[in-house]
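Let me begin by presenting the structure, written as structure tokens, before commenting on it.
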Amino acid sequence: MRWAPGGVSASSNSFRLVGAIVGQVLLATAAFMLLPMFADLYYDNRDWLAFGMASGVSAMCGSALAWGYWRSGGKWGKSGLTLRQAFALTPLSWAAVSAVSALPFLFSEHPQLRGHFANAFFEAVSGITTTGATVMTGLDAAPPGLLLWRGLLQWMGGIGIIATAIAILPALGVGGMQLFRTESSDRSQKAMPRVRQIASTIGYAYIGLTVVAAVAYWLAGMDPFDAIVHALTSIATGGYSTSDQSFGRWQDNGIQWLAMFFMLSGTLPFVLYVRFLAGDRSAFVDRQVTSLLGLLAVSIGGIGTWLVISGQYGVEQAFRYAAFSVVSVVTTTGYAVTDYGQWGAAIVGVFFLLTFVGGCTGSTSGGIKIFRFEVMAVMLRVHFLRLLYPNGVFPRSYDGKPLSDEVIGSVVAFLTVFLVCYAVLTVVLLGLGLDFLTSASGAATALSNVGPGLGETIGPAGTFTSLPSAAKWVLSFAMLLGRLELFTVLIIFLPRFWRG
């Protein structure tokens with residue numbers, strides 16, 4: 001990202017550039033809507049009209065925003081973004097895309113979506129934030145255009161959050177992300193010849209993994225359409241499926257093991273793919289990666305052993321179900337092979353805690369992120385050592401990099417605000433008439449962008465259909481809030497932000 005001089009000061013026209021960029025994003029969204037439109041035309045489904053109308057609306061809105069900036073004398077590439085503009089761009093662009101992405105659902109023939117804006121918006125937000133919570137049932141018989149659009153939404157959201165996490169959040173210093181600042185998020189005015197190279201390599205890696213996943217699923221037994229949709233949602237760690245049974249529909253042909261591999265591929269830092277493709281064969285020997293794999297191994301081993309000892313499954317099935325469910329929750333994908341809510345209260349408690357963890361920074365996964373837990377562990381270790389040795393000097397470092405007070409303060413602030421937001425959301429959902437388990441797990445799964453919650457209503461075997469509209473609006477806001485790392489959304493509610 002290129003930063004304009006002048007800090008946070010801005011003229012009355014300071015947000016026209018932001019509007020123009022949002023306009024470009026809407027134009028791109030309109031173009032993506034044509035793919036499910038052609039799919040419905042191919043399968044002779046009437047929903048092609050819904051996608052055609054939605055694409056037209058999105059294109060008109062995007063053109064109006066871009067035209068307004070150009071007409072006012074703005075020129076592309078001539079000015080950078082101030083910090084205020086960058087903070088405004090992030091939530092406004094995601095909210096705008098969510099709104100227009102809901103239109104195909106709203107105009108469709110699907111009975112749970114047509115004319116129900118709360119449902120349509122919830123489904124769109126869940127898609128673009130790669131959450132995977134759904135209000136739709138009857139997916140096995142749903143029109144191909146809707147199923148493809150759900151997959152495309154998650155795929156677009158996956159690459160979108162990678163770009164945001166690499167180029168914007170580190171420069172804004174959100175939640176300790178400045179620890180991962182690269183050339184692409186440098187605040188300086190220097191030329192950055194490698195930015196486009198990094199961005200293009202990440203794009204190639206993302207597309208390449210998607211193609212490989214689609215081919216692998218197809219060869220393993222899925223039909224071509226199912227393979228494409230699940231490839232889109234696996235790499236994006238999104239979790240939308242073409243079946244109400246999710247991956248429980250495919251049991252005996254290795255597809256579930258493939259899904260685990262591709263979910264893990266999407267939850268690794270995509271900068272590591274850049275390093276690997278540049279010739280660094282040790283790129284994935286990274287602290288975040290090793291910590292993530294260690295957490296997965298311990299969780300899978302413990303849950304799988306419990307399932308065998310309790311006699312619920314045989315050894316292979318127990319560890320396959322345990323591995324799939326743990327990987328799905330920790331990577332915040334949200335696929336399901338069975339209802340792990342039936343495995344016992346202790347196991348449900350474990351999954352509730354895993355809901356908050358998330359994957360690696362710079363990946364498509366949500367959650368608090370592995371690195372923040374590691375930073376907190378470093379802080380606690382140093383604190384205990386200082387209690388034992390008051391005069392000792394104990395350096396604070398993470399993955400070979402010194403931890404500054406700025407980074408530590410940002411991580412502590414993020415965790416504090418995350419817990420406060422979680423508590424407030426839970427209380428609000430309780431106030432809307434939901435039971436405690438649905439409220440607590442719904443707030444957790446939305447804020448962490450996981451997908452299914454716990455309990456009979458929104459658990460792995462349920463959907464969010466029966467929730468009141470007000471609860472769906474609250475959860476939609478929570479999904480955007482969690483996906484954009486809290487602060488980039490909350491800051492725009494400060495009156496001082498708009499005063500400049």
Side-chain angles (χ1 to χ4, degrees), residues 126 128-133 154-155 157-166 169-170 174-177 179-180 202 205-206 209-210 213 232-240 259-276 283-300 323-335 350-377 398-399 411 414-415 418 444-452 479 482-486:
S126 181
I128 203 68
T129 59
T130 72
T131 302
Q154 295 201 321
W155 192 81
I159 191 65
I161 198 57
I162 293 171
T164 301
I166 292 175
L169 297 181
V174 172
M177 294 287 285
L179 185 64
F180 302 95
I202 288 176
Y206 193 74
L209 284 171
T210 306
L232 294 172
T233 60
S234 295
I235 301 303
T237 61
Y240 274 158
M260 289 181 237
F261 173 80
F262 291 118
M263 284 189 281
L264 286 172
S265 299
T267 202
L268 301 181
F270 271 73
V271 171
L272 300 185
Y273 291 106
V274 175
R275 288 169 48 190
F276 182 81
F284 292 100
V285 184
D286 179 87
R287 180 162 178 172
Q288 284 194 86
V289 175
T290 55
S291 297
L292 173 66
L293 296 179
L295 172 66
L296 292 175
V298 171
S299 302
I300 292 168
F324 190 99
S325 300
V326 169
V327 170
S328 181
V329 171
V330 172
T331 63
T332 70
T333 305
Y335 288 140
V350 172
F351 277 108
F352 180 72
L353 295 177
L354 292 176
T355 298
F356 293 97
V357 177
C360 301
T361 301
S363 71
T364 61
S365 63
I368 292 175
K369 302 293 190 305
I370 289 290
F371 95 91
R372 292 193 178 102
F373 289 102
E374 292 186 307
V375 169
M376 290 298 295
Y398 175 81
D399 202 20
V411 170
F414 178 90
L415 292 172
F418 187 97
T445 193
L447 203 56
S448 296
N449 305 119
V450 173
M479 287 187 278
R483 179 79 286 186
L484 300 180
E485 304 280 347
L486 308 181

Determine whether Thr130 and Ile161 satisfy the following criterion, side chain to side chain contact (heavy atoms under 4.5 Å, CB included), listing intermediate values before the conclusion.
CA-CA 9 Å; Thr130 72; Ile161 198 57; 5.7 Å; no
Would Ser365 and Thr332 count as a side chain to side chain donor-acceptor pair (under 3.5 Å) here? Give the steps.
CA-CA 6 Å; Ser365 63; Thr332 70; 4.7 Å; no
Contacts table for residues 289-297: side-chain donor-acceptor under 3.5 angstrom, sequence neighbours left out:
residue	atom	partner	partner atom	Å
Thr290	OG1	Asp286	O	3.2
Thr290	OG1	Arg287	O	3.0
Ser291	OG	Arg287	O	2.9
Ser291	OG	Glu374	OE2	2.1

Residues in side-chain hydrogen bond (donor to acceptor under 3.5 Å, both in side chains) with Thr129, at least two apart?
Thr131
Under the side-chain contact (heavy atoms from CB on, under 4.5 Å) test, residues paired with Ala444 that sit two or more places apart
Phe352, Thr355, Phe356, Tyr422
With sequence neighbours excluded, residues passing side-chain hydrogen bond (donor to acceptor under 3.5 Å, both in side chains) with Ser448
none
Mark yes or no for whether Thr331, through its side chain, and Gly358, through its backbone, hold a donor-acceptor pair below 3.5 Å.
no
Mind checking side-chain hydrogen bond (donor to acceptor under 3.5 Å, both in side chains) for Thr233 and listing every partner two or more places apart, or none if nothing turns up?
Tyr335
Enter the distance from Asn449:CG to Leu484:CG here, rounded to the nearest 0.5 Å.
8.5 Å
Reported CZ-to-SG distance for the pair Phe371 and Cys360, which is rounded to 0.5 angstrom:
11.0 Å
So, using salt bridge (Lys or Arg N to Asp or Glu O under 4.0 Å) as the criterion, who are the partners of Arg372 when residues are at least two apart?
Glu485
Contacts of type side-chain contact (heavy atoms from CB on, under 4.5 Å), residue Leu415, not counting sequence neighbours:
Ile368, Met376, Val411
Between Phe414 and Gly175, what is the shortest heavy-atom contact and its length?
CB-CA, 3.8 Å
Output all residues satisfying side-chain hydrogen bond (donor to acceptor under 3.5 Å, both in side chains) with Thr445, sequence neighbours left out; order by chain, then residue number.
none
Any residue meeting side-chain contact (heavy atoms from CB on, under 4.5 Å) with Phe284, in chain and number order, not counting sequence neighbours:
Leu268, Leu272, Tyr273, Phe276
I need the Met260 CE to Ser328 OG distance, nearest 0.5 Å.
10.0 Å
